[in-house]
Colleague: 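Take this structure, written in structure tokens, and hold onto it; I'll ask about it next.
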Protein chains: 2
Amino acid sequence: MARERKFTTRELFHAVKHLLLEHGYDAFHFGLMAERLEVSRASLYKYYKNKDELITALMNDEMDAFLVELAAVEQIEGFEAQYDRLVDLFFQKKDVLPLIQIARHMMQRMEADSQQQRQQLEQLPLAMYETLQRLIAQGKQAGVLKAHLPDSVMLGLLFQTIAVPNHYNIPHAEWVAAMKEVLGQGMFTAR
Amino acid sequence: MARERKFTTRELFHAVKHLLLEHGYDAFHFGLMAERLEVSRASLYKYYKNKDELITALMNDEMDAFLVELAAVEQIEGFEAQYDRLVDLFFQKKDVLPLIQIARHMMQRMEADSQQQRQQLEQLPLAMYETLQRLIAQGKQAGVLKAHLPDSVMLGLLFQTIAVPNHYNIPHAEWVAAMKEVLGQGMFTAR
DNA sequence: GTTTAAAGTGACACAAGTGTTACTTTGGTC
DNA sequence: GACCAAAGTAACACTTGTGTCACTTTAAAC
């Protein structure tokens, strides 16, 4: 019914995500987006009022995609296999943690202006935590995970694991295996 | 020989550190500093050419202080006691990790302009890594730490541990104990 | 081929931070 | 009390990003 768009929503999200990860929340701006998508800055304002709204949309999109993958993990039979797949998934989706941190940073920098977005952002990780806590509960039930450890310690550690920088470029498989071992059995020798 | 200063170097570093942690690298600026120290913005330029130079000075100061504490850990007898003190130290100095991340972010955003500062920043963590790797080596020597795990995995994980957000406000002692247990013996039950 | 409405744009006024300059203030020295 | 040098400042020109508006372009519908 009208003119053809110069970029798809998918291309737009792809651009936001990469520019955001490259430059960080504060240094990210509409000028970068316009350049990347080869459109004028003004045209972007037709779709999003400001960068917070744009980024919030991206976060929703990313979280939806992540939840789909998480649901697949939950379908796996047996906790050990689930755990294995979960860690692999986290390493495969390394971007999730920085994006979550950006979302937190963003909420800090938002005053009373747009409480609607704030609420939307706050609710974002809830569904994810629910699923993850269900998985942890299963692990404890199965007697695999130590029952006395708080869920949040295990989940938090699992999450931060993917943020450890591999400065020495240890091969990915070896790196992940080492991480799985430490999380599961620790760094100490059995004595 | 001249007029009295309105702030000490210590007050200045204290202000930089807190403003930096509160606002992040990009949102931190001389205006905030001036306001906090109750001086004019222009006067700060008498001491530091720009915010990168100011922040670099802070980083040096912080790292020096941290190295002193690390050296104390190295004096402790027996690896278990060293490990215990090290983890406590990390939790006590929670600010170190965000500051290091800010330093990394800063280096990314610096082009060829000031290579001198870049080099200074790059060398900052080296002495720290040296000490830490010496500690790890002692642990492996003593047969406490698994010899086949890469040092960087253990160190990296140790570092990230302090960044895990304690959303549910689990009491500090319990939280730290749980972290120590996972790092040492893992999340899995012994079978 | 005219109409219509969404897609896109250049240009403007505004806001906030930067770095420098010419200047004033202050307190010790002679 | 004159002077001097360090400490401090207001003000200016500049840069970069924001959000909006009046306008043009384009393709489908009729």
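Quantities reported herein were computed from a predicted structural model and do not represent experimental measurements. Per chain, numbering begins at 1; letters A, B, ... match sequence-line order.
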Colleague: For residues A:Thr189 and B:Gly143, report the shortest heavy-atom separation together with the two atoms involved.
Modeller: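 Of all heavy-atom pairs spanning A:Thr189 and B:Gly143, the closest is OG1-O, 2.7 Å.
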Colleague: Can A:Asp26 and A:His105 be counted as having a side-chain donor-acceptor contact under 3.5 angstrom?
Modeller: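 Checked: A:Asp26/A:His105 side chains pair up, N/O donor to acceptor below 3.5 Å.
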Colleague: Let me know the distance between CG of B:Leu12 and P of D:dG8, rounded to the nearest Å.
Modeller: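 Spelled out: CG on B:Leu12 to P on D:dG8 is 11 Å.
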Colleague: Would B:Arg85 pass as a cation-pi partner of B:Tyr83, given that its NZ or CZ must be under 6.0 Å from the six-membered ring centre and within 45 degrees of the axis?
Modeller: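 B:Arg85 over B:Tyr83 ring: no.
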Colleague: Distance-only criterion, 3.5 Å: show the donor-acceptor pairs between side-chain atoms of residues 147-158 of chain A and protein atoms not counting sequence neighbours.
Modeller:
unit_1, atom_1, unit_2, atom_2, d
A:His148, NE2, B:Glu181, OE1, 3.0
A:His148, NE2, B:Glu181, OE2, 3.1
A:Asp151, OD1, A:Lys140, NZ, 2.6

Colleague: Could you state the CD-P distance from A:Glu4 to C:dG8, rounded to the nearest angstrom?
Modeller: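 Result: 9 Å.
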Colleague: Looking only at the side chain of B:Ser40 (C-beta and beyond, no hydrogens), which of the listed nucleotides C:dG27, D:dA7, D:dA10 gets closest?
Modeller: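 Between C:dG27, D:dA7, D:dA10, the one nearest the side chain of B:Ser40 would be D:dA10.
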Colleague: Which heavy-atom pair separates A:Met106 from A:Leu121 by the least distance, and what is that distance?
Modeller: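 In this case the closest contact between A:Met106 and A:Leu121 is CE-CD1, 3.7 Å.
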Colleague: Expressed in angstrom and rounded to an integer, what is the separation of A:Leu44 atom CG from C:dG10 atom P?
Modeller: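 So the two atoms are 13 Å apart, to the nearest Å.
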Colleague: Quick check on C:dT9: is either OP1 or OP2 less than 4.0 Å from any side-chain nitrogen or oxygen of A:Ser43?
Modeller: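 For A:Ser43, the contact criterion (side-chain N or O under 4.0 Å from OP1 or OP2 of C:dT9) is met.
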Colleague: Does B:Arg118 come within less than 4.0 Å of B:Asp52, counting only side-chain N to carboxylate O?
Modeller: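 No, this pair does not count.
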Colleague: What integer distance in Å separates B:Leu32:CG from C:dT18:P?
Modeller: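 These atoms are roughly 9 Å apart.
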Colleague: Verify, without hydrogens or angle tests, whether B:Lys51 (side chain) and B:Phe28 (backbone) share a donor-acceptor contact under 3.5 angstrom.
Modeller: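 Yes, the answer is positive, given that a donor and an acceptor are paired below the 3.5 Å cut-off.
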Colleague: Expressed in angstrom and rounded to an integer, what is the separation of A:Lys46 atom NZ from D:dA22 atom P?
Modeller: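 The distance from NZ of A:Lys46 to P of D:dA22 comes to 12 Å, rounded to the nearest Å.
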Colleague: Identify whether any heavy atom of A:Tyr48 sits under 4.0 Å from a base atom; if not, whether one sits that close to sugar-phosphate; answer base, sugar-phosphate or nothing.
Modeller: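 The answer is nothing, as A:Tyr48 stays clear of every strand by at least 4.0 Å.
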Colleague: Can you say whether a donor on the side chain of B:Arg3 sits under 3.5 Å from an acceptor on the base of D:dA6, or the other way round?
Modeller: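 Such a pair does not exist between side chain and base.
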Colleague: OP1, OP2 of C:dT9 versus side-chain N and O of A:Lys6: anything below 4.0 Å?
Modeller: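 Yes, because at least one side-chain N or O of A:Lys6 sits under 4.0 Å from OP1 or OP2 of C:dT9.
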Colleague: Specify the separation, in whole Å, of atom CG of B:Leu54 and atom P of C:dG19.
Modeller: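 Rounding to the nearest Å, CG of B:Leu54 and P of C:dG19 are 12 Å apart.
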Colleague: Can you check each nucleotide of nucleotides 11-19 of chain D against protein heavy atoms at under 4.0 Å and return B for base, S for sugar-phosphate only, - for none, in 5' to 3' order?
Modeller: ------SBB
Colleague: Nearest whole Å is fine: how far is D:dG8 C1' from B:Leu37 CG?
Modeller: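 Nearest whole value for this atom pair: 13 Å.
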